[in-house]
Number of protein chains: 4
Amino acid sequence: MTGEKNEKKAAIAGAAVRLFTERGFHGTPTSLIAREAGVSNGTLFHYFPTKEDLINFAYFEIKNRMAEEIGRGVDAERTERERMRRMWRNAVLWGVDHPDEYMFVQQFCSSPFVRRLPPEEFLKDAPAVFESLTGTLGKSCLEGIPIEVAFAVISSPIDAVIRSIINPGGNLDRDRLIDASFEIIWRGLTGE
Amino acid sequence: MTGEKNEKKAAIAGAAVRLFTERGFHGTPTSLIAREAGVSNGTLFHYFPTKEDLINFAYFEIKNRMAEEIGRGVDAERTERERMRRMWRNAVLWGVDHPDEYMFVQQFCSSPFVRRLPPEEFLKDAPAVFESLTGTLGKSCLEGIPIEVAFAVISSPIDAVIRSIINPGGNLDRDRLIDASFEIIWRGLTGE
Amino acid sequence: MTGEKNEKKAAIAGAAVRLFTERGFHGTPTSLIAREAGVSNGTLFHYFPTKEDLINFAYFEIKNRMAEEIGRGVDAERTERERMRRMWRNAVLWGVDHPDEYMFVQQFCSSPFVRRLPPEEFLKDAPAVFESLTGTLGKSCLEGIPIEVAFAVISSPIDAVIRSIINPGGNLDRDRLIDASFEIIWRGLTGE
Amino acid sequence: MTGEKNEKKAAIAGAAVRLFTERGFHGTPTSLIAREAGVSNGTLFHYFPTKEDLINFAYFEIKNRMAEEIGRGVDAERTERERMRRMWRNAVLWGVDHPDEYMFVQQFCSSPFVRRLPPEEFLKDAPAVFESLTGTLGKSCLEGIPIEVAFAVISSPIDAVIRSIINPGGNLDRDRLIDASFEIIWRGLTGE
DNA sequence: AATGAATGAGCTTTCATTCAT
DNA sequence: AATGAATGAAAGCTCATTCAT
């Protein structure tokens with residue numbers, strides 16, 4: 001019986017994620033979310049006192065799903081390179097498979113609407129990976145740069161790759177692009 | 001008889017850029033823009049029939065200024081490496097010097113509001129630079145990848161660097177970060 | 001638990017009719033209607049999603065009340081002439097007693113705003129009367145003319161009579177005018 | 001050279017009539033009228049200090065043209081009956097040939113916007129005809145009714161006939177309808 | 001006379017949020 | 001917990017009108 005408790009809350013959050021990604025924060029009235037979730041207008045505000053609360057909740061939901069997916073199988077890899085490579089692929093593939101959610105996260109991150117939140121850097125939520133790279137970064141020319149900054153820098157091509165694949169355009173060879181982008185960063189870091 | 005002709009239009013566009021960057025598209029009513037620009041509400045709509053028109057105008061204004069700044073002095077450099085390095089620094093410094101404008105452009109690009117515009121990739125408007133790099137890219141492991149995709153990939157750390165510097169945080173050594181990020185990409189591309 | 005359910009809707013429609021007739025569609029802002037009805041601006045749009053919806057609703061309300069009044073007592077009359085005469089009087093008296101509503105209907109019917117609605121001819125909604133006259137019309141010189149056209153033609157003086165009585169002017173003998181106008185039409189039709 | 005003086009005024013009035021009839025008073029902004037007339041916004045207000053002035057001007061323009069047309073050839077008829085019959089046909093045919101102008105006049109007359117104007121009864125502007133009918137009306141059952149009221153009553157079917165012809169609908173036999181409607185009124189008045 | 005930029009009050013409509021039931 | 005009617009502050013945009021040139 002416990003699960004039922006939050007059935008409605010889950011329905012609301014689900015509808016919110018879907019609609020926000022399709023139409024943006026401001027293009028999505030709370031009334032529409034409630035309707036799509038099959039609950040009343042008032043119920044929505046019972047669970048999320050503010051529209052901003054709902055946006056944040058949706059954001060963290062997605063963020064968590066994404067982080068989980070990115071970390072999948074990383075620990076099973078033997079070398080530092082392979083761990084990072086696995087993560088790299090996971091990240092790109094998640095973005096490509098969930099373009100709406102991906103763009104929602106991007107939209108969220110560059111929206112002044114939520115600039116107040118603590119800055120959530122890419123991959124911050126994959127602590128295992130995060131720490132495992134500290135050594136590599138420290139030996140690169142990024143040595144001395146704060147770890148989260150270094151991390152943001154080297155993972156940034158992931159975003160470019162995802163956008164290139166997502167956006168309708170020429171027939172890209174996905175795997176080549178993923179591998180090549182990774183190679184550039186890895187070689188740039190280690191010289192190998 | 002001076003350039004006063006478009007004094008008001010310029011005032012409106014200027015106020016718009018400032019306010020949009022501070023408060024977002026949706027957080028900025030046209031009435032506020034007009035007030036800040038020192039004109040009446042109606043005058044704003046005389047020059048920009050739609051709020052969206054105003055947003056687009058502001059975007060292209062900034063985009064052009066940025067592109068011009070990024071290309072500055074690039075042709076004077078002798079080697080391929082120095083040309084790209086110059087561009088790299090120009091780009092980061094422009095972003096750092098114009099954080100509001102920079103974030104406005106980012107906000108614009110990941111807004112579902114304007115997803116329909118032709119995808120304007122970073123630096124696309126610096127054709128001289130753009131073409132000069134074709135050779136270098138062609139010999140790297142990005143060979144065969146469409147040029148604009150390759151370009152988006154290698155320039156993506158610029159975004160991360162700018163954000164890291166802009167965001168309030170520890171005392172970063174800007175120059176080291178700019179150089180290090182460039183070195184990673186350059187070495188990644190060329191092995192040098 | 002009474003009919004209070006639509007108290008507010010009725011209040012809005014009532015205020016709308018009154019104000020529209022006094023000031024015209026375009027001279028009556030929705031905000032004024034809401035204020036006069038004692039509800040908030042938002043409530044008005046809760047019940048009538050569009051101003052046009054409100055106008056149409058008001059129109060059909062009045063139309064129905066009018067049609068009901070015009071048919072009153074007609075069936076009790078014995079002869080064709082008396083039925084038509086009764087209807088004639090009813091129509092004029094309704095217009096005279098409800099000048100605002102009457103002019104609202106007229107305004108509605110000649111407004112380009114609503115030209116798209118199916119043309120609702122005067123009295124169309126009093127089918128009993130309508131059919132009872134078919135015989136008379138068929139034997140007159142209007143024989144062969146489509147019934148609704150014939151009807152529009154012979155009932156048109158009603159409008160002139162109502163307007164003459166409504167408009168401030170000399171002291172008209174209402175009853176004489178009503179009877180005389182009817183006599184002309186009746187004699188014109190039947191020769192009696 | 002004198003005619004040129006009012007070239008612009010005429011252009012404005014012409015555009016106004018056309019646009020008002022197509023789109024209604026409220027659907028026609030003054031700026032649109034000016035543009036269609038090929039003059040500036042300010043010029044329009046130079047000639048017509050108020051939009052209402054322009055509406056009135058347009059109304060009287062049409063009214064005069066209509067009255068002239070209705071009176072055409074009436075004096076040449078020999079009998080009272082033929083004079084009225086000629087007028088009847090003229091009126092209907094004018095309405096049918098100028099449906100936009102006709103509806104504009106109707107719209108004008110039942111608009112509360114201009115309720116303040118002296119009531120302009122149908123045909124009032126054709127004094128010759130008007131007076132020639134006085135005798136006939138005086139001997140009918142409308143005897144004793146104020147002449148303009150009597151006139152409004154007997155001419156009202158003209159409106160119904162015009163509307164029936166104008167409105168898209170079955171194939172009406174125009175001439176039969178015009179004749180029949182006239183016959184009813186004439187017989188109603190005179191018993192002939 | 002002619003222009004058209006400038007005005008600002010006012011319009012319809014939206015929507016996050018409240019609250020009595 | 002759940003409802004959905006009610007709210008009212010905005011928002012984007014229009015347009016008759018003014019006025020400096």
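The chains referred to below are lettered A, B, ... by the order of the sequence lines, with proteins before strands, and numbering in each begins at 1. The analysis underlying the following values was restricted to heavy atoms, covering all of them including side chains, and did not include hydrogens, waters or symmetry mates.
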Taking 4.0 Å as the cut-off, does a side-chain nitrogen or oxygen of [X] come that near to OP1 or OP2 on [N]?
X	N	result
B:T43	E:dA6	no
A:T30	E:dA16	yes
A:H46	F:dA2	no

What is the ring orientation for D:F108 with D:F25, classed by angle as parallel under 30°, tilted 30 to 60°, or perpendicular over 60°?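 If you compare the ring of D:F108 with that of D:F25, the planes turn out perpendicular.
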
Please determine, for the side chain of A:S40, which listed nucleotide (F:dG4, E:dT17, F:dG12) has the closest atom?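 The nucleotide sitting nearest to the side chain is F:dG4.
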
Nearest-nucleotide pick for A:T50, side chain only, options being E:dA16, E:dA5, E:dT17: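 Side chain of A:T50 sits closest to E:dT17.
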
Which sits closer to the 5' end of DNA chain F, C:G38 or B:G27, going by the nucleotide each is nearest to?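 It is C:G38 whose nearest nucleotide is closer to the 5' end.
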
[X] [atom1] to [N] [atom2], straight-line distance once rounded to whole Å:
X	N	atom1	atom2	result
A:L44	E:dC15	CG	P	14 Å
A:I12	E:dT17	CD1	C1'	14 Å
B:F45	F:dT14	CZ	P	7 Å
D:F20	F:dC15	CZ	C1'	13 Å
D:K51	F:dT14	NZ	P	14 Å
B:N41	F:dC13	CG	C1'	8 Å
D:H26	F:dA16	NE2	P	10 Å
C:K9	F:dA6	NZ	C1'	16 Å

Assuming nearest nucleotide by heavy-atom distance, tell me which of C:T28 and D:V39 is located more 5' along DNA chain E.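 Nearest nucleotide further toward 5': that of D:V39.
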
Minimum-distance pair of heavy atoms, taken over all atoms of C:F45 and C:K51: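 Looking at all heavy atoms of both residues, the shortest contact is CE2-N, 4.3 Å.
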
How does DNA chain F look in dot-bracket form if you count Watson-Crick and G-U pairs under 3.5 Å, write [ ] for pairs that cross, and put | where a base pairs with another strand? .||||||||||||||||||||

What residues form a salt bridge (Lys or Arg N to Asp or Glu O under 4.0 Å) with C:R65, not counting sequence neighbours?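 So C:R65 forms a salt bridge (Lys or Arg N to Asp or Glu O under 4.0 Å) with C:E61, C:E101.
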
From NZ (C:K63) to SG (C:C109), nearest 0.5 Å: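 Here the interatomic distance stands at 6.0 Å.
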
